Amino acid sequence: MGFLSILSMAHQWIAERVQPGDAVIDATAGGGVDTLKLAELVGPRGIVHAFDIQQDALDRTAERLRSYERQDKLPEVKLHLVSHALMAEAVGSSAVGHVAAVMFNLGYLPGGDESVITVPTTTVAALDAALALLRRGGIVTVALYPGHPGGAEEAAIVADWAAKLPGALYAAVLYRQPQRDTAPYLVAVEKR
């Protein structure tokens, strides 16, 4: 049978907490896989914000959403060509405390320029913004990739960030293969 991949596990945890009509965020749009999953979960009454610093990523995301859009099932989707560190400003103050889920899939855009990667300074700022936007019971998932240049440093910083969150306010978990140092892994944080 085997264990779920980190992305499948992230999608499962998100699906357990997101309802139709919710507001959700894909902090790293990439190829749009997470954006589409979020769109399916919130349905036509919901809203999805997707962020990326590369137009190519937003174009790929828009293309992935097209078939779903033709079925009239697509929620309002806002594609933001801006760093995820600026998500709070982009979604607006009315979203504070109302977002059901924020997904991060760190690293680089597969098939794109591998020198353009997420970096700890903007990632931690984005994670802090995500927590401020979350409602009680909301979740942040972070897919980490320690196997690429810069990935191990970012993964360690994110894991440390999660470990230092106050337990009275947040529950944090790691989902990983401890036998493989460079295997991707998942960090998730739920707001209590």
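Keep in mind that the numbers below use all heavy atoms, side chains included, and drop hydrogens, waters and symmetry copies. It should be emphasised that the depicted structure is a prediction, and the values quoted were computed from it without experimental measurement.
Between H49 and H80, the two ring planes are parallel [angle under 30°; tilted spans 30° to 60°].
Here the CG atom belonging to L41 is positioned 9.0 Å from the CD atom belonging to Q19, to the nearest 0.5 angstrom. Note that CG of L109 is 10.0 Å distant from CD1 of I53, once rounded to the nearest 0.5 Å. Atom CD1 of I47 sits about 13.0 Å away from atom NE2 of H98, to the nearest 0.5 Å. How far CG of D181 is from CZ of R176: 7.0 Å, rounded to the nearest 0.5 Å. Distance check, rounded to the nearest 0.5 Å: OG1 of T121 to CD of E154 gives 9.0 Å.
Within the 4.5 Å cutoff, side-chain heavy atoms of M87 are placed close to those of L133. Between L36 and L65 the shortest side-chain heavy-atom distance falls below 4.5 Å. By the 4.5 Å heavy-atom criterion applied to side chains, L79 and L81 are not counted as neighbours. When side chains are defined from C-beta on, D22 counts as touching R135, because their heavy atoms get closer than 4.5 Å. Contact check for T122 versus H84: side-chain heavy atoms found under the 4.5 Å cut-off. When side chains are defined from C-beta on, E190 counts as touching R17, because their heavy atoms get closer than 4.5 Å.
Between I157 and P120, the shortest heavy-atom contact is CD1-CB, 3.6 Å. Of all heavy-atom pairs between P146 and P184, the closest is CD-CA, 4.0 Å. Considering all non-hydrogen atoms of both residues, D52 and A29 come closest at OD2-N, 3.4 Å. Scanning all heavy atoms of the two residues, the minimum distance from G150 to I117 falls at CA-CD1, 4.4 Å. In terms of heavy atoms, G30 sits closest to T61 at O-OG1, 3.3 Å. Residues A132 and K191 approach most closely at O-NZ, 4.3 Å, considering heavy atoms.
Both Y185 and V124 sit in one connected hydrophobic cluster of ILVMFWY residues. Membership requires side-chain heavy atoms under 4.5 Å apart, directly or through other members. No path of Ile, Leu, Val, Met, Phe, Trp and Tyr side chains, each step under 4.5 Å between heavy atoms, connects V173 with V189, placing them in separate hydrophobic clusters. Taking hydrophobic clusters as Ile, Leu, Val, Met, Phe, Trp and Tyr residues chained together by side-chain heavy-atom distances below 4.5 Å, L38 shares a cluster with I139. A single hydrophobic cluster is not seen to contain both V116 and F104; linkage of ILVMFWY side chains at heavy-atom distances under 4.5 Å, directly or through other members, places them apart. Under the 4.5 Å side-chain heavy-atom criterion for Ile, Leu, Val, Met, Phe, Trp and Tyr, M103 and L134 are members of distinct hydrophobic clusters.
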Assess whether side-chain contact (heavy atoms from CB on, under 4.5 Å) is satisfied between F51 and V82, documenting all intermediate values. CA-CA 6 Å; F51 292 84; V82 65; 3.5 Å; yes
Take V33 and R64 through the test side-chain contact (heavy atoms from CB on, under 4.5 Å) and record every step on the way to the result. CA-CA 8 Å; V33 173; R64 186 174 298 274; 3.6 Å; yes
Anything under 3.5 Å between a donor and an acceptor, one on a side chain of residues 160-167, the other on a protein residue two or more places apart or in another chain? List them.
{"residue": "D160", "atom": "OD2", "partner": "K164", "partner atom": "NZ", "Å": "3.0"}
{"residue": "W161", "atom": "NE1", "partner": "D128", "partner atom": "OD1", "Å": "2.8"}

Sequence neighbours left out, cut at 3.5 Å: what donor-acceptor pairs do the side chains of residues 2-14 make with other protein atoms?
{"residue": "S5", "atom": "OG", "partner": "S8", "partner atom": "N", "Å": "3.0"}
{"residue": "S5", "atom": "OG", "partner": "S8", "partner atom": "OG", "Å": "3.1"}
{"residue": "H11", "atom": "NE2", "partner": "D34", "partner atom": "OD1", "Å": "2.6"}

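Ionic pairing of E63 and R66 is present here: one or more N-O contacts between side-chain nitrogen and carboxylate oxygen are shorter than 4.0 angstrom.
Counting only distance, with no hydrogens or angles, the side chain of T28 and the backbone of N105 share a donor-acceptor pair below 3.5 Å.
Open room surrounds CZ on R136; 12 or fewer heavy atoms of other groups in view lie less than 6.0 Å from it. Few gaps surround OH on Y145; more than 12 heavy atoms of other groups in view lie less than 6.0 Å from it.
Residue V142 forms a side chain to side chain contact (heavy atoms under 4.5 Å, CB included) with just one option from T123, V102, L127, L186, and that option is L127.
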